[in-house]
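One structure below.
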Amino acid sequence: MRLVDGRRVFVKAVGAEPNPDTPDLHRSEARITAALPIAAPVPQLLMSLDLEGWVVLVFEDVDGRMPAQPWQLDELHRVLAAANELSVLLDPSPIAAPPVADRFGEKFQGWRRLSAASTDGTDDLAWLDPWARRNLGRLVDREAAWIAAAAGSALIHGDLRADNVLLTDDRVMVVDWPWAAVGASWFDVVAMGPSVIMQGAPDAVSLLDQHLFARGADPEDVTTVLIAMAGYFLRQSVQAPPPGLPTVRDFQRAQGQAALHWVRERTHWR
């Protein structure tokens, strides 16, 4: 949008229809973005308006573009390097934010809920990958440890993906911060990994593993968190779609399958 004084801004506005949860996400994004340090590679929040159920956010305009799809290696390396730099800048967290246990605790119970559905007969899990069905007990046990594995002091984005990144000539800007939380500094790379694999980055699993190893992330903790994410995506993929988001379940299924592939590569379970 161009203002009367010639400046360009980016405007996000949402009401309670069709998805009643979205306004609260915008309110969260406004609080978090306004509190981030000026050095963070995040578009500046210029103003916000909360009126009669509508939430409007006005950000500085960024002359950038999303990474190409399928991923190009040079752009993926840029984004991974930027994620590392951002985690250093935001560790310890410079703002008050919920711990990952509070932010995602209700979400990362997918394997437990799938196992319960199988036990009570409400879902035979015939749609689930045979490897996951064979190892369901292991996945349930490992998922239960994700909170300790993901604990840390860094402010994480919580939803890092290609569509939440803008590449400029000299920077990588990270947008859309409603899910920010405090946790392990490598959490965002693990959360981003399934979408990277799904979107066709060359040799994505090896590249992600090398990046996490170079950052000193504990391999067992990484696998534990990845298992919890895989369970979340796969269980969500068989739920009814939320209002106004008819395609999200297919997107979650694809990410869940990519995450499960990564889990298999890391665990070598039969």
Side-chain angles (χ1 to χ4, degrees), residues 19 21 25 98-151 156 158-161 178-179 181 183-184 186-199 204-205 208-209 212 217-270:
N19 191 324
D21 296 330
L25 291 177
V100 289
D102 291 350
R103 181 66 86 188
F104 301 111
E106 285 298 312
K107 297 178 180 295
F108 288 179
Q109 299 181 27
W111 295 117
R112 280 167 280 183
R113 289 170 175 163
L114 289 172
S115 179
S118 176
T119 299
D120 65 25
T122 57
D123 189 339
D124 63 8
L125 306 185
W127 57 272
L128 188 61
D129 181 280
W131 178 90
R133 293 201 304 270
R134 287 197 306 273
N135 288 285
L136 186 58
R138 280 176 157 176
L139 294 166
V140 170
D141 290 344
R142 195 67 174 268
E143 176 186 66
W146 84 266
I147 289 176
I156 62 169
D159 194 27
L160 191 62
R161 297 190 311 265
W179 297 105
W186 44 261
F187 183 96
D188 280 333
V189 172
V190 178
M192 175 184 171
S195 67
V196 171
I197 298 166
M198 175 192 74
Q199 290 161 339
V205 168
L208 291 163
D209 284 341
L212 290 161
D218 182 275
E220 294 301 309
D221 286 346
V222 167
T223 302
T224 298
V225 172
L226 180 60
I227 285 171
M229 289 180 180
Y232 165 72
F233 283 130
L234 290 168
R235 191 212 176 237
Q236 288 301 106
S237 75
V238 294
Q239 307 307 303
L245 297 170
T247 63
V248 71
R249 298 313 186 202
D250 288 342
F251 185 61
Q252 289 172 329
R253 176 68 68 90
Q255 288 191 89
Q257 290 170 341
L260 196 62
H261 168 69
W262 194 7
V263 169
R264 292 182 67 169
E265 292 291 310
R266 293 184 65 89
T267 59
H268 305 292
W269 297 342
R270 295 188 177 274

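FYI, the numbering just counts along the sequence from 1.
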Side chain to side chain contact (heavy atoms under 4.5 Å, CB included) assessment of Ile197 paired with Leu208: CA-CA 9 Å; Ile197 298 166; Leu208 291 163; 4.1 Å; yes
For [X], which residues count as a side chain to side chain contact (heavy atoms under 4.5 Å, CB included) partner, sequence neighbours excluded?
| X | result |
| --- | --- |
| Arg249 | Gln236, Gln239, Pro241, Pro242, Gln252 |
| Thr122 | Ala117, Asp120 |
| Arg266 | Asp209, Pro219, Val222, Thr223, Leu226, Trp262 |
| Gln199 | Gln69, Trp71, Ala162, Ser195 |

Under 3.5 Å: donor-acceptor pair, side chain of Asn135, backbone of Trp269: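 No; judged by distance alone, with no hydrogens or angles, the pair does not exist.
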Non-hydrogen atoms of Ala150 and Val225 that approach each other most closely: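 Minimum heavy-atom contact is CB-CG2, 3.8 Å.
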Least distance between heavy atoms, Ala184 atom then Ala149 atom: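 Heavy atoms of Ala184 and Ala149 come nearest at CB-O, 4.5 Å.
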If you measure from [atom1] on [X] to [atom2] on [Y], what distance do you get to the nearest 0.5 Å?
| X | Y | atom1 | atom2 | result |
| --- | --- | --- | --- | --- |
| Met198 | His261 | CE | NE2 | 14.0 Å |
| Leu25 | Trp179 | CG | CH2 | 5.0 Å |
| Trp186 | Leu212 | CH2 | CG | 8.0 Å |
| Leu260 | Leu128 | CG | CG | 7.0 Å |

Listed partners of Asp159 passing salt bridge (Lys or Arg N to Asp or Glu O under 4.0 Å), at least two apart: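 For Asp159 the salt bridge (Lys or Arg N to Asp or Glu O under 4.0 Å) partners, ignoring immediate neighbours, are Arg161.
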Partners passing salt bridge (Lys or Arg N to Asp or Glu O under 4.0 Å) against Arg138 (at least two apart in sequence or in another chain):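 Listed in chain order: nothing, the list is empty.
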Verdict with supporting geometry, Leu234 and Trp111, side chain to side chain contact (heavy atoms under 4.5 Å, CB included): CA-CA 9 Å; Leu234 290 168; Trp111 295 117; 3.7 Å; yes
For [X], side-chain hydrogen bond (donor to acceptor under 3.5 Å, both in side chains) partners two or more places apart:
| X | value |
| --- | --- |
| Ser115 | none |
| Glu143 | Arg112 |
| Glu265 | none |
| Arg103 | none |

Derivation of the side chain to side chain contact (heavy atoms under 4.5 Å, CB included) call for Glu220 and Arg142: CA-CA 10 Å; Glu220 294 301 309; Arg142 195 67 174 268; 2.7 Å; yes
Of all pairs that satisfy ring pair (Phe, Tyr, Trp, His ring centres under 6.0 Å), the ones with a partner from residues 222-255, not counting sequence neighbours: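 Found Phe108-Tyr232.
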Working for side chain to side chain contact (heavy atoms under 4.5 Å, CB included), residues Leu136 and Leu125: CA-CA 10 Å; Leu136 186 58; Leu125 306 185; 3.8 Å; yes
side-chain hydrogen bond (donor to acceptor under 3.5 Å, both in side chains) contacts touching residues 124-134 (sequence neighbours left out):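 Listed once each, the pairs are Asp123-Trp127.
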